Enquirer: 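One structure, pasted below without further comment.
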There are 2 protein chains.
Amino acid sequence: MDGYDKYAFEPFAVTVDLAVFTVREGALHVLLVERGQEPYAGQWALPGGFVRPDESAESAARRELGEETGLTDVSGLHLEQLRTYSEPDRDPRMRVVSVAFAALLPDAPEAHGGSDAARARWTPYGDARALAFDHDRILADARDRIGAKLEYTCLATAFCPPEFTLGELQQVYETVWGTALDRPNFRRKVLATPGFVEAVPGAARLTGGRGKPAALYRAGTATTLHPPLLRPTPEGRHA
Amino acid sequence: MDGYDKYAFEPFAVTVDLAVFTVREGALHVLLVERGQEPYAGQWALPGGFVRPDESAESAARRELGEETGLTDVSGLHLEQLRTYSEPDRDPRMRVVSVAFAALLPDAPEAHGGSDAARARWTPYGDARALAFDHDRILADARDRIGAKLEYTCLATAFCPPEFTLGELQQVYETVWGTALDRPNFRRKVLATPGFVEAVPGAARLTGGRGKPAALYRAGTATTLHPPLLRPTPEGRHA
DNA sequence: TCTTTTATAGTCGTGATGACTATTAAAGGG
DNA sequence: CCCTTTAATAGTCATCACGACTATAAAAGA
């Protein structure tokens with residue numbers, strides 16, 4: 001931070017880009033917007049925008065999250081900074097440094113498109129390819145991070161509505177990781193971790209299903225998982 | 001990224017700040033520089049500087065790492081992006097967004113101070129307080145991250161010279177975590193993890209010690225620890 | 001009523017790990 | 001030159017977490 005007058009510094013534009021995830025119909029979906037102008041006009045991109053003079057990147061990200069999802073209250077949603085992308089040529093017009101965020105939504109309300117980008121749409125993760133700028137990489141990094149954090153945090157409940165069944169929670173893991181989990185073992189692990197979930201006392205149950213109704217749970221107060229809930233290893237040795 | 005012409009955007013200065021760690025004499029040390037000018041003149045700060053027009057934040061961070069440590073070759077050192085700090089008031093003069101990095105050094109060569117900051121010094125982590133700007137927080141975040149990554153990565157070898165004993169490796173863990181570890185158990189765990197370390201075949205040994213000479217090891221090819229090497233939990237339940 | 005479906009309960013064996021004890025190989029002091 | 005100190009290395013043992021199962025319960029639909 002020394003040397004403000006020793007080195008000239010170029011002014012940068014600073015933006016935020018958001019990888020907004022939800023689990024819909026057993027598949028991981030991500031919110032994309034269609035670009036209306038060059039460069040990459042007509043291509044899909046992650047929602048985002050410029051950081052304004054009076055706000056931090058976190059504030060800008062949450063503001064954009066509200067604008068792009070059309071939700072009126074985004075204060076409780078999980079939003080975390082991923083990393084910053086600053087390759088000199090990542091925007092063909094000018095020097096743009098982008099702070100990337102990942103957001104997790106429980107339900108999947110149809111995107112209505114905010115003032116900034118009217119054509120926002122939920123897209124299955126696998127279909128989100130050939131995005132504008134370096135957004136393919138940002139999106140892949142975001143998914144990697146979320147998948148890894150499921151192992152050692154209680155983050156999975158951020159994908160769930162306020163009350164949920166253990167089956168729904170398990171489906172979050174299976175969807176993000178792309179692997180099947182043993183149901184009794186998953187149940188044992190979740191219930192054995194204090195503060196991960198807490199039972200809804202009213203013996204409530206979920207309607208609509210075919211089999212035995214499932215008990216409802218709420219997210220607990222714990223934030224980390226000790227010991228972690230490791231995803232099954234396709235190859236290699238260990239536990 | 002839409003709306004380049006809809007919203008005016010303020011130009012930002014973009015800097016990198018580095019939390020450079022090493023283990024020296026059984027204590028975690030961090031590289032600090034003394035500020036020569038306002039604001040915070042005379043106070044200590046993390047080394048860093050402006051990102052230049054033709055380089056990414058990663059390039060700038062590695063360049064600064066070389067300048068501040070005085071090392072001629074920093075290409076092999078561990079350097080990772082932490083997160084970006086962008087509070088509007090973090091620099092009293094202007095809007096500065098800083099991308100923070102953590103770097104790990106094996107040996108602790110006395111800092112010689114580069115062109116940018118002549119007064120770089122290794123400081124015990126506990127003594128690094130009241131730093132300029134928001135560097136107290138950056139430094140704390142950096143230590144948290146490094147400590148957490150020791151659990152599930154092979155990062156600890158980045159603190160060690162090319163050849164090291166298991167005792168030295170254990171001291172890295174104990175120093176960063178601030179806890180004592182059981183030596184036979186640590187040894188069993190490290191050797192049972194394939195690719196963490198590999199024995200130096202020449203039955204080499206470390207000189208200078210008092211007791212039985214220790215075998216030497218090199219860093220292996222593995223990067224992650226499965227299952228992780230969890231730090232002992234002071235409170236609470238689990239493994 | 002019988003089958004299907006899903007949630008929940010429990011069992012069993014193995015591997016990882018915390019807490020130890022024992023042995024080996026050096027330095028240093030008397 | 002022995003004997004103590006120091007540190008590395010080699011075990012042992014019990015507990016716990018977890019993967020792989022099997023069994024039971026409670027609903028919907030035929």
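Because only heavy atoms are used, hydrogens play no part in the values below, and waters and symmetry mates are left out as well, while side chains stay in. Worth saying up front: this structure is predicted, and the values here are computed from it rather than measured. Naming convention: chains lettered A, B, ... in sequence-line order (proteins, then strands); numbering from 1 in each chain.
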Enquirer: Could you tell me whether Arg143(B) sits above the aromatic face of Tyr125(B), with NZ or CZ closer than 6.0 angstrom to the six-membered ring centre and within 45 degrees of the axis?
Expert: yes
Enquirer: Would you kindly say whether Asp17(B) and Tyr85(B) are connected by a side-chain donor-acceptor distance under 3.5 Å?
Expert: no
Enquirer: Please give, in whole Å, the distance from dA17(D) C1' to Leu230(A) CG?
Expert: 11 Å
Enquirer: Rounded off to whole Å, could you give me the NE2-to-C1' distance for the His226(A) and dA17(D) pair?
Expert: 15 Å
Enquirer: Can you list everything that forms a side-chain contact (heavy atoms from CB on, under 4.5 Å) with Pro184(A)? Sequence neighbours excluded, please.
Expert: Asp182(A)
Enquirer: Nearest-Å distance, CZ (Arg231(B)) to C1' (dA16(C))?
Expert: 19 Å
Enquirer: With the threshold set at 4.0 Å, does a side-chain nitrogen-carboxylate oxygen contact exist between Arg137(A) and Asp141(A)?
Expert: yes
Enquirer: Which nucleotides of nucleotides 5-12 of chain D have their base under 4.0 Å from a protein heavy atom (B), which only their sugar-phosphate (S), and which neither (-), written as one string 5' to 3'?
Expert: -BBBBBBB
Enquirer: Walk me through whether Leu18(B) and Val16(B) qualify under side chain to side chain contact (heavy atoms under 4.5 Å, CB included).
Expert: CA-CA 7 Å; Leu18(B) 274 67; Val16(B) 292; 4.1 Å; yes
Enquirer: Does any donor atom in the side chain of Glu58(A) or Gln81(A) lie under 3.5 Å from an acceptor atom in the other side chain?
Expert: yes
Enquirer: Quick one: Gln171(A) CD to dA7(C) C1', roughly how many Å, whole number?
Expert: 15 Å
Enquirer: Could you list by number each residue of residues 152-162 of chain A showing a heavy-atom separation from DNA chain C of less than 4.0 Å, or answer none if no residue does?
Expert: none
Enquirer: Determine the minimum heavy-atom distance between Pro162(A) and Arg218(A), stating which atoms define it.
Expert: O-CG, 3.4 Å
Enquirer: Between dG15(C) atom P and Lys189(B) atom NZ, what is the distance in whole Å?
Expert: 14 Å
Enquirer: Quick check for you: to the nearest 0.5 Å, what is the distance between Trp44(A) atom CH2 and Asp127(A) atom CG?
Expert: 11.0 Å
